[in-house]
Each structure stands twice: as C-alpha cells, then as structure tokens.
Amino acid sequence: MRNSGHFTSDEVVTVYIREGICYMSETLFLTQSHTAWRAYPNERPILSGGAPLSNITWSKYTDDILVAELPTWINVSAVDGLFAFPSRRIYNRNSPYEKQFGRINSQTRLTRARYPNGNCERDRIPTNYDKLAGAISSIDAWRAAGNVSIRFPGVEKKNSSFYPWFGHSRDIRWVQDYHTENSSSYYASRQQFWQPNIATAASYQYNATNSLYNPPNVSSWGNGDAIIHVIHYSWWGNWQWEVASQRTVKSSTEDDSADASRNIIEFGKGGWQDAHGGAVSHNYFFIENVFAELDTEGVVFAHTTTSFLHERYTVPSAGDWSVLPKGAVTVRNAVNVILESCSWLHVNGNGVALHGMVHNSTISKGDFVKVGDSGIVSIGRLPKLIPFNGVGVVSVPTNITISQCHFGQTGVYGKQTSALFVALSKNIHFLENALYDGPRAGININDGFGGGHRIAKNVIFNQILESGDHGPINTWSRSAYIQERQDSDGTGSVIPSWNYIDQNFIMLGPKFGALYGPGDGPCSNGNPQFYCPKNGGSLFTCLDHDDGSEYYLDTRNVCAFAGLKNYIGQNKIWDSNLLVFAEGAKSQNRSGTPCIWTSMDMAGDKEALPCSLRPCRTGEVYTNNTCLTYSSSPLEYDMFNETDVLLNGIRNTTIPYTARNQYFLNSAYRFQGKWNLSEAQNMGIDVGSTQYSLKKVAIQKIDCLARTMLDLACSIDYQAVE
C-alpha cells in the first residue's frame with residue numbers, strides 16, 4: 001500500500017491483528033518500513049508457529065494407541081511438538097490470566113513417548129530420570145578439528161593480575177587460551193571459547209541392573225529417531241543427542257552379576273547445547289521419541305524433530321553456555337524496536353533473541369511462560385574471534401530495556417537457560433520484572449564485555465531448581481575485550497563500564513545438592529542418595545560473581561536463604577544489602593554459604609599467591625551490609641594469608657575491604673576461626689562493624705529493614721526496634 005501511494009515513505013502505518021489464532025506457515029519478516037503491528041483494541045490475537053490438526057482421521061493401532069496420517073501440506077520433519085486443546089471450555093473466562101491468554105492457556109504440551117515416563121513441564125530433575133553407567137568413548141572435538149588459539153600480546157592489561165592471568169585471555173586453572181577457532185563447524189559460529197582440549201562424549205553405557213526402572217524396551221532405543229537428554233556431570237546444564245545406535249555387550253565389571261549386560265548408546269548429531277563439556281560418569285538422563293516406549297501418551301507421530309537439535313548452537317563468549325541466537329521473535333540489525341504487552345507461551349526454544357546490531361529497543365509488559373529454553377537472549381557478534389580493536393564490524397545489542405515482564409517456568413527442555421541471557425552486549429537494563437521456577441540462573445551475564453548493565457527492582461525466586469554451583473544472578477568475566485567506551489580517547493580499553501545490581505528481592509528455593517560439597521549425598525534437603533545431584537554441591541548463592549567478574553556495584557538488594565559469592569576478579573562493591581540466613585533455611589540443614597565467600601584459589605603455588613609477589617589492590621569493598629546467619633564466621637576467605645596482611649596492609653591483599661557492617665550471629669564473631677571482632681578490626685578488617693545476638697533480633701526489624709531497602713512502606717521505625 002505504501003508503494004502504491006496510499007502512505008508516504010516516512011508515515012508510520014499501524015497494522016492491526018484481529019482476534020483468534022493466526023497459524024504462520026512461514027516466518028514473518030518485519031523490515032525498516034515505519035510499521036507498527038498491534039493487537040486490535042480489546043482483542044487478543046495469537047501468532048502460532050504451529051498448524052491445526054483438524055479433519056484428520058484417527059484409527060486404532062493397538063488397544064491403547066491411535067494413529068493418524070498427517071496432511072501432505074505439513075512438513076513432518078519440521079514438527080517440534082504437539083499441543084492439545086481441551087474438548088470443552090473448562091477454564092474460567094473471568095480470571096485475569098485466562099482473559100489474557102484465552103483458550104490457548106488451557107492447552108497441553110504433549111509428551112513424546114519416553115523412558116522413564118515423565119513430563120518436562122511438571123518434573124524437576126532428578127524426578128523421572130534414570131542414571132547412566134559411565135562413558136564408553138569420547139572424542140576430542142577441538143584438537144582433532146585443528147584449532148587455532150589466539151592471544152592478544154601488547155594490549156592493555158586489566159588492573160588486576162588475577163583474571164585473566166598476566167592479562168592474557170586464558171584461565172590458569174587449565175593453562176589454556178579461551179579464544180579458539182573450530183574448523184569442524186561443531187558449533188554454528190565455528191568457535192569455542194573454552195579450552196581447545198575440551199572433549200564431548202561419543203557414547204554412553206547404560207546398565208539396566210543398576211537402574212531404578214529396568215526398562216524392557218532398551219534394545220529398541222536405537223531403531224528410530226530417539227533423542228537422549230543427559231544432565232551435565234556437575235549439574236550445570238544438559239545436552240541432547242540423536243541416538244545413532246544401541247547395542248548390547250556382555251558386562252565385564254566385577255560389581256555386576258554373571259549374566260549382566262551393558263547397553264551401549266551411541267550418539268549422532270547434537271551435544272552443542274552446553275559449551276563447557278565435561279566428564280561422564282553416572283549422569284542422569286531420559287530418552288524420548290521411542291515408539292516402543294509409547295505406553296501412557298495415547299498419540300504418536302513419527303519423524304519429529306526438536307528445537308534443540310534443529311540447528312547448531314553457538315558459543316558467543318567465554319562463559320559456560322552455548323545458545324541458539326534465534327527465538328520465536330528474532331531481532332537483527334534494527335533500532336527503536338518496541339515489543340509491548342506480548343506473550344510467549346509454550347514456545348519450544350527461546351522467546352526473544354536480540355542478535356547483533358540491535359539498538360535503543362524495549363521489551364515491556366511481556367509474559368514468558370513454559371518456554372523451552374530462555375525467555376530473552378541478547379547476543380552480540382565481534383569481528384571473527386578478536387575483541388574490538390577498531391578493525392571490522394562490531395555488532396552488539398546496545399541500550400536495551402526489558403521491564404515489567406513475567407517469566408515463569410522457563411527452561412522446559414534446556415537446563416542451561418535463564419529468563420535473561422546476555423553475551424557481548426552493552427547497557428542492558430532489566431527492570432521491575434518477576435522471574436521464578438527456572439532450572440539455572442534467572443539472569444546470566446556471560447562475559448565482561450561492554451558493561452553498563454543495570455539489574456534493578458526485580459523479584460526473583462525458586463531459580464537453580466535443576467542445577468548446581470550457581471546463583472539466581474550469575475556473572476562471568478573470563479576474557480579481556482578491547483572495546484570503545486564513551487569516555488575513551490578512541491584508542492580502546494579493556495576496562496568495561498560499571499554494572500549496577502540494585503534493589504532486587506531474591507529468595508532461593510530448595511537446595512538439593514550434597515550436604516557437604518560435591519558428592520552423591522546425603523542431600524541437603526534429606527532426600528535419598530539417588531536423588532542427590534552428582535557433584536552438585538551446596539554452593540548456591542544469591543549474587544554469584546564467578547570467574548573474574550569485575551566492575552559491579554551491588555546495593556540495596558534483599559537476599560533470603562543465600563549469601564554472596566566472590567570468585568576471582570576485581571572492582572566489585574557490595575554496599576547496603578540485607579542477607580537473611582545466608583547459610584540457608586533450617587529445612588535445608590543450613591548448608592549454604594556465609595554472608596560473603598571470597599576465593600582467589602586458581603591453583604598454582606599457594607605460597608606465591610595471592611599477594612606475596614606484589615600488592616594486589618583488587619578494589620573490592622564490602623560495607624554497610626546487614627547479615628543474619630547461624631554461623632560465627634560471616635566472612636570466609638579460602639586463601640587467607642596473615643603474612644600478606646602484615647606486610648602489605650589489608651588494602652593490598654585480595655581480601656575485600658570490609659567496614660561498617662551489622663552482623664546478627666548465633667555465636668560470637670570469628671574471622672577465619674582466628675580473630676574475634678576487636679582483633680579483626682585491629683588488623684583493618686570489619687572496621688566500624690557491629691555484632692548482635694541472632695536470638696534477640698525482632699522479625700519486625702528485619703521486615704521493615706527489607707521494606708525500606710526496597711522503597712516499600714513500613715508501619716514502624718525499624719531502627720527503633722531492637
């Protein structure tokens with residue numbers, strides 16, 4: 001219509017979409033045409049990537065199974081899943097939630113025939129998972145591919161010598177460079193930012209005699225289009241593979257009976273859904289899309305595929321995660337995009353993907369419910385693998401605001417997923433959102449590129465439900481990036497802008513890791529050993545600044561049942577936060593962390609680390625915080641070196657500078673089991689801090705302190721309450 005003269009070239013045209021389900025047979029591409037797409041007033045249209053299975057004929061296959069032939073116009077190989085609507089209107093049309101989603105909210109995501117029986121939307125790992133018996137073989141996916149390692153000599157180093165070591169982009173724990181190029185195209189971007197000797201499994205062994213379930217149909221698992229879902233050995237995420245074959249061999253292990261056998265499951269395509277790789281032992285798994293396992297579902301369609309195996313994932317930066325840079329809505333090379341009051345319900349992959357050059361855009365008042373992977377992913381692209389040095393095109397999301405959105409039960413399929421994933425992006429503002437019931441971090445900042453992120457006034461609870469060693473907000477900064485900054489003279493810098501985490505309410509849900517660190521049990525929640533994560537540990541923290549995180553200001557956050565983590569890095573400030581029972585709830589056996597846990601343990605000669613060879617000056621500050629804990633040691637530092645303190649002073653060690661904190665303790669304050677509060681203050685630790693008895697604190701005081709921090713009303717003066 002614009003081309004035919006109905007509208008001028010710069011006139012904004014609004015396209016209204018009417019009520020009902022619009023089945024999209026192909027992707028709708030929106031280009032730079034000054035066009036707004038909106039729901040018609042007081043109507044709720046649904047854009048569906050599916051196809052209606054109407055007017056098909058069902059016939060009996062067995063007494064329990066029905067079968068139907070799909071119309072020829074449906075591309076069977078592209079089917080990602082099936083959804084069933086109820087046969088009658090059983091929902092309440094007067095409820096606000098049903099008014100918003102309508103009948104589509106009442107649909108059911110059908111479960112493909114699987115072993116063990118289960119439901120991905122309902123079950124939390126390890127419910128309805130079985131265990132593998134170990135690996136048979138593995139392939140060195142990176143060295144065999146002829147990797148190219150890249151360093152950046154001569155560039156400005158970070159002002160700390162800890163991470164990366166000596167300013168290079170590498171992690172001394174494995175003495176490997178991060179930036180590697182994988183010519184085998186195992187990942188879509190042909191790159192892998194982890195160490196080049198990472199291995200990925202080629203086949204697993206499964207021993208039915210050690211199973212909880214002892215499946216009768218194991219011999220049929222390799223006879224079709226089966227897909228196996230395997231949990232990472234440290235519970236950091238999961239992988240999916242197509243099953244190439246299954247074979248049974250005689251067992252030769254001493255712990256098996258004489259007639260026992262081993263079932264070998266060999267893999268085909270897949271394995272790129274987790275970037276970190278890792279060993280295989282007794283990992284949890286389930287297998288699906290197996291006809292012989294069709295016993296409770298009642299419907300079968302053959303030759304279906306899933307979103308997690310449809311395309312190869314990419315490893316955008318040096319975090320643990322790999323991700324598909326596409327979603328139900330994908331935005332690339334665009335500015336001033338607004339997604340407002342939209343909903344993403346039952347999508348099988350990511351909800352929204354911001355990929356490449358996306359500037360000055362907003363996602364607001366959205367609902368992301370039961371999505372297969374992450375709610376929103378923001379992923380930039382750098383020229384080849386070299387951080388910005390003025391050559392090539394830097395294409396990164398910048399100045400993005402995500403506000404007043406609702407994220408519930410994300411990560412139905414992918415367990416290394418979150419409500420918000422950020423990699424190679426700048427100035428991402430995540431404000432006033434609610435997120436809960438996710439398998440891993442609710443918010444994951446994958447690298448230290450750019451900075452300028454603001455995470456504020458969010459409500460976050462029940463995250464990390466199906467993984468371990470993580471926090472509801474997780475950050476990494478393992479690599480140095482040369483980048484332009486607004487205040488730069490144009491020569492570039494490796495120092496990003498500061499990031500702000502402010503006024504969030506964060507509550508951890510049940511911890512189900514081993515009670516005392518990695519292992520098979522007992523579980524911190526009292527569950528039997530089988531249901532305790534292998535190597536899951538109990539390291540669940542509120543704000544998890546991991547592996548070199550830097551330039552973060554955390555202030556006025558309220559954390560319940562978790563403390564703070566500080567693992568390697570520099571320039572982090574924790575000020576005026578409230579930590580309520582940092583070590584966890586009584587029902588979790590109080591197996592968590594202290595108020596703040598700091599580690600600079602990166603291996604190597606501990607006598608030479610962290611500061612014996614040079615002053616450290618990490619620029620880390622922990623001040624004006626209030627912490628309630630049953631521990632007598634609110635501060636924990638696993639590389640404490642008294643000699644460093646005596647020789648260099650507290651400001652020149654890797655211990656964060658601590659002052660003016662309030663501690664409500666179950667017993668008298670101790671620092672590293674060595675000094676009481678007065679003695680610690682004489683050494684420059686916790687200067688001006690005070691301690692009180694945890695048994696005497698009034699809950700009204702803590703309630704009002706939390707409300708005050710979050711700018712909520714309080715009926716009493718919390719400072720006047722003892």
Whether [X] side chain and [Y] backbone form a donor-acceptor pair below 3.5 Å:
{"X": "Ser497", "Y": "Gly452", "value": "no"}
{"X": "Thr629", "Y": "Pro594", "value": "no"}
{"X": "Asn625", "Y": "Asn661", "value": "no"}
{"X": "Asp546", "Y": "Asn566", "value": "no"}
{"X": "Asn676", "Y": "Tyr669", "value": "no"}
{"X": "Asn577", "Y": "Asn557", "value": "yes"}
{"X": "Asn238", "Y": "Tyr413", "value": "yes"}
{"X": "Gln681", "Y": "Ser689", "value": "yes"}
{"X": "Asn458", "Y": "Asn433", "value": "yes"}
{"X": "Thr623", "Y": "Val621", "value": "no"}

Set of residues satisfying ring pair (Phe, Tyr, Trp, His ring centres under 6.0 Å) with respect to [X], sequence neighbours excluded:
{"X": "Tyr436", "value": "His406, Phe461"}
{"X": "Tyr622", "value": "none"}
{"X": "Phe407", "value": "Phe368, Phe430"}

No-hydrogen, no-angle side-chain donor-acceptor test under 3.5 Å, [X] and [Y]:
{"X": "Ser467", "Y": "Arg440", "answer": "yes"}
{"X": "His545", "Y": "Asp554", "answer": "yes"}
{"X": "Ser576", "Y": "Asn624", "answer": "no"}
{"X": "Asp373", "Y": "Tyr313", "answer": "yes"}
{"X": "Thr690", "Y": "Gln662", "answer": "no"}
{"X": "Trp597", "Y": "Glu636", "answer": "yes"}

Mind listing the closest non-hydrogen atom pair of [X] and [Y] along with its distance?
{"X": "Pro316", "Y": "Thr314", "value": "CD-O, 3.3 Å"}
{"X": "Ile596", "Y": "Leu635", "value": "CG2-CD2, 3.4 Å"}
{"X": "Gln273", "Y": "Ser322", "value": "C-OG, 2.8 Å"}
{"X": "Ile443", "Y": "Ser418", "value": "N-CB, 4.3 Å"}
{"X": "Pro439", "Y": "Thr410", "value": "CD-O, 3.2 Å"}
{"X": "Tyr129", "Y": "Lys415", "value": "OH-CE, 4.1 Å"}

I'd like to check [X] versus [Y] (side-chain heavy atoms, cut-off strictly below 4.5 Å). Are they in contact?
{"X": "Leu705", "Y": "Thr626", "result": "yes"}
{"X": "Leu508", "Y": "Gln463", "result": "no"}
{"X": "Val580", "Y": "Ile702", "result": "yes"}
{"X": "Gln416", "Y": "Val323", "result": "no"}
{"X": "His453", "Y": "Tyr500", "result": "no"}
{"X": "Tyr657", "Y": "Glu620", "result": "no"}
{"X": "Ile400", "Y": "Leu354", "result": "yes"}
{"X": "Asn499", "Y": "Leu553", "result": "no"}

Practice prompt. Fit a plane to each ring of Trp476 and His470, take the angle between them on a 0 to 90° scale, and name the class: parallel (under 30°), tilted (30 to 60°) or perpendicular (over 60°).
Written response: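 The arrangement is tilted - the two ring planes meet at 30° to 60°.
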Pairwise distance [atom1]([X]) to [atom2]([Y]) - rounded to 0.5 angstrom:
{"X": "Cys542", "Y": "Ile506", "atom1": "SG", "atom2": "CD1", "value": "3.5 Å"}
{"X": "Ile464", "Y": "Thr541", "atom1": "CD1", "atom2": "OG1", "value": "6.5 Å"}
{"X": "Asp447", "Y": "Asn444", "atom1": "CG", "atom2": "CG", "value": "9.5 Å"}
{"X": "Leu543", "Y": "Thr475", "atom1": "CG", "atom2": "OG1", "value": "9.0 Å"}
{"X": "Arg660", "Y": "Thr658", "atom1": "CZ", "atom2": "OG1", "value": "10.0 Å"}
{"X": "Ser378", "Y": "Leu420", "atom1": "OG", "atom2": "CG", "value": "7.5 Å"}

Discussion item. Please determine whether side-chain contact (heavy atoms from CB on, under 4.5 Å) holds for the pair Ile402 and Leu431, giving the CA-CA distance in whole Å, both sets of side-chain angles, and the decisive distance to 0.1 Å.
Written reply: CA-CA 6 Å; Ile402 302 163; Leu431 313 172; over 6 Å; no
Worksheet entry | NZ/NE/NH1/NH2 to OD/OE distance under 4.0 Å, Asp502 and Lys457 | no
Fill in: Lys674/Glu679 salt bridge by N-O under 4.0 Å criterion
no
Worksheet item: Can the ring centres of Tyr552 and Trp498 be said to be less than 6.0 Å apart?
Response: no
Practice prompt. Could you give me the CA-CA distance, side-chain angles and deciding distance for Trp675 and Arg670, then say whether side-chain contact (heavy atoms from CB on, under 4.5 Å) is met?
Written response: CA-CA 5 Å; Trp675 299 323; Arg670 302 293 293 176; over 6 Å; no
Worksheet entry | From CA spacing to verdict: side-chain contact (heavy atoms from CB on, under 4.5 Å), Tyr663, Asp686 | CA-CA 11 Å; Tyr663 300 112; Asp686 257 331; 3.0 Å; yes
Practice prompt. For Leu435 and Ile460, run side-chain contact (heavy atoms from CB on, under 4.5 Å): C-alpha distance rounded to whole Å, both residues' side-chain angles, the deciding distance at 0.1 Å, then the answer.
Written response: CA-CA 5 Å; Leu435 42 151; Ile460 308 171; 3.8 Å; yes
